[in-house]
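Taking it in order: structure first as structure tokens, then the write-up.
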Amino acid sequence: MRVLRDQGPIIRLAHRGASGQAPENTHAAFAKALQLGVDGIELDCQLSADGELVVIHDEILDRTTSGLGPVCAKTWAELAKLDAGAWRGPEFRGERIPRLLDVLAQIDGRATLNVEIKSARDVGSIEPKLAALPEIRAAADWLLFSSFNADAVRNLRAAAPWASIGILWDRRPAAGAFLLAEELGARCVIPSRRVVDGELVTTAHDRGLGVWVWTVNTREDLERITAVGADAIFSDYPERFAPSGR
Ligand code: G3P
Ligand code: MG
């Protein structure tokens, strides 16, 4: 997997797009992230009732859309009618839940894209779909897949030997992350900022793994995470950490 690296001290990824400035996981948030010149973008992916790959974080629609209830209970035609921007402000009214393939077309290799498999309900069905779509295979060079669910990344590896995988981790010790990374030939570990320290970074680097840390929104956290040698950060506010001169 190639990372389009800016000149900054650390790889910057926009968490759910530039979600500090635009409604998370929408085309507006991804467009803003590209405009900010980030190195990468993270999004959360789920399946609709009829098997469409859709981009939304929560398993229920209530917080970020005009809909109610589980994402997985609605067809794509139903999801496509919902507003996914008005909750963040009237200027975002009309934003829709994106389809993953539409986001791929939007980004078009201009940033690394981290696709997080979000819902345990999708495990077993979303991985073969991700692996089989020609548009995804064609974009493999700039895609990184991740999940907190070990079965999801195991299934993805089985279906897509070509896929770059990141191991999401949110607890100590991190030994389980390294075991899983080795099993799957992962590209990086993706620890929470709460669990990353120098020992974790050294262990990862000794094993040839990158360390990509979420979610880093303050200068204080950035300095600590840079000091321990992490390679990348996910931020809702990537503009706060722009390389000088941008
Ligand atoms: O990939 C990092 C981060 O996105 C994981 O947490 O809940 O924001 O998807 P969450
Ligand atoms: Mg996520």
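As the structure lists them, so they are numbered: ligands from 1, and atoms in each ligand from 1.
- In Glu78, the CD atom is crowded: over 12 heavy atoms of neighbouring residues, nucleotides or ligands sit closer than 6.0 Å.
- Listed by chain and residue number, the protein contacts of ligand 1 are His15, Arg16, Glu42, Asp44, His57, Glu116, Lys118, Phe148, Leu168, Trp214 (heavy atom within 4.0 angstrom).
- Of the residues listed (Val196, Val195, Leu200), the one engaging Arg172 in a side chain to side chain contact (heavy atoms under 4.5 Å, CB included) is Val195, and it is the only one.
- For the Mg ion (ligand 2), the tally of protein N/O/S atoms lying closer than 2.8 Å stands at 3.
- Between the side chain of Arg110 and the main chain of Gln106, a donor-acceptor pair closer than 3.5 Å is present.
- Considering only heavy atoms from C-beta on, Asp39 comes within 4.5 Å of Arg12 through its side chain.
- Under a 4.0 Å N-O distance rule, the pair Glu24/Arg63 qualifies as a salt bridge.
- A distance-only check finds a donor-acceptor pair linking the side chain of Gln46 to the backbone of Ile56 [under 3.5 Å].
- Side-chain contact, Asn217 with His15: no donor N or O sits under 3.5 Å from an acceptor N or O.
- At a threshold of 4.0 Å, the pair Glu183-Arg157 does not count as salt-bridged, since none of the basic side-chain nitrogens sits closer than that to a carboxylate oxygen.
- No donor-acceptor pair closer than 3.5 Å links the side chain of Asn25 to the backbone N or O of Val55.
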